[in-house]
Structures are given as structure tokens and as C-alpha cells.
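Have a look at the structure below before the remarks.
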Amino acid sequence: MKIEHLAIWVDDLERMREFYMKYFRTKSGEKYINSKKGFASYFLTFEEGGARLEIMNRNDIKEEQCNRSLSKGYTHLAISVGSKNTVDRLTELLRSDGYTVESEPRTTGDGYYESVVIDPEGNPIEIVA
């Protein structure tokens with residue numbers, strides 16, 4: 001068994017698609033639209049395969065006012081970029097492009113070299129090697 005995909009609700013489907021394509025080199029599938037339900041989504045595939053990311057929007061889903069990292073349930077997405085050098089470079093690129101770096105690159109207690117950045121809609125992403 002394996003994880004096939006992870007899905008997240010987003011407000012701005014196109015902006016989030018561009019973000020993951022630009023910084024994490026995903027390839028986007030065709031946009032799926034269900035007009036009757038007010039639903040649209042894209043599947044994003046990573047270069048190395050594995051689980052895909054589905055970004056979804058529905059016009060009746062509203063942002064919850066909560067601290068995502070301190071509430072029960074899913075808390076972050078970890079994306080492996082292959083090397084410590086890539087973690088460092090990507091973290092600096094995201095910072096220079098105006099994104100929040102929540103946690104600087106470091107080796108964690110569980111052995112990952114990682115930083116944490118915040119995507120355009122407030123979702124934490126661990127960039128790991």
C-alpha cells in the first residue's frame with residue numbers, strides 16, 4: 001500500500017497551482033470542473049513520482065479561523081528536495097520572493113535537514129533532505 005494523493009482546499013486555485021509548479025517542479029494535470037457543485041481541482045505530480053497533491057476549490061468552503069499547526073488533524077506537508085544544499089537554496093529563493101520562512105534550515109531531532117516555509121494560503125511546508 002502507499003499514499004496515492006493528499007488533497008487541500010484552497011481559495012485561489014490558479015495561484016496555488018503556479019506556486020507548487022514553480023518552487024516544487026510539479027506537473028499539473030488538466031483542470032477538473034464540476035459546475036453543479038461549484039468545485040474545481042488540479043492534480044499536481046512531483047518529478048520523482050510518489051504521492052500526488054490535489055488542490056481543490058469549492059465556492060461554499062470557507063477558511064477556518066484556527067492555528068493549523070496547533071490543531072488536531074493534518075499539520076503540514078513535507079516535500080523532499082534531495083539535498084541540504086537544495087533545502088538551503090529553495091528556502092532562500094522563497095524568502096527572497098516574499099514568502100514567510102517559519103523555521104530556518106536545521107537538522108531536527110528525528111534526523112531530517114529541513115526548513116519550514118508558508119505557502120500563499122498559510123499552509124506549512126517542510127522542505128526536507
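Hydrogens, waters and symmetry mates are skipped; everything else that's a heavy atom, side chains included, is used. A quick note: this is a predicted structure, and the numbers were derived from the prediction, not measured.
One finds the OH atom of Y20 at 6.0 Å from the CG atom of L53 (value rounded to the nearest 0.5 Å). We find the CG-CG distance between N123 and L77 to be 8.5 Å, quoted to the nearest 0.5 Å.
Heavy-atom minimum distance, N57 versus D11: ND2-O, 3.1 Å.
In this structure, the side chain of S103 does not engage the main chain of V116 through any donor-acceptor pair within 3.5 Å.
With sequence neighbours excluded, the residues satisfying side-chain contact (heavy atoms from CB on, under 4.5 Å) with T108 are R106, D110, Y112, E114. S28 meets the side-chain contact (heavy atoms from CB on, under 4.5 Å) test with R17, M21, Y42, L44; sequence neighbours excluded. Checked against side chain to side chain donor-acceptor pair (under 3.5 Å), E48 has no partners two or more places apart in sequence or in another chain.
In this structure the side chain of V128 never reaches within 4.5 angstrom of the side chain of V87, judged on heavy atoms.
Among pairs with a residue in residues 79-99, those fulfilling ring-ring contact (aromatic ring centres under 6.0 Å, His included) read F19-Y99, Y23-Y99, at least two apart in sequence or across chains. Within the structure, salt bridge (Lys or Arg N to Asp or Glu O under 4.0 Å) contacts touching residues 85-99 (residues at least two apart or in different chains) are K22-D97, E92-R95, R95-E104.
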May I have the list of side-chain donor-acceptor pairs in residues 29-40 shorter than 3.5 Å, sequence neighbours left out?
residue, atom, partner, partner atom, Å
K31, NZ, E14, OE2, 3.1
N34, OD1, K36, N, 3.2
N34, OD1, K37, N, 3.1

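For the salt bridge (charged side-chain N to carboxylate O under 4.0 Å, His left out) test with E47, the passing option among R52, R25, K27 is R25; the others fail.
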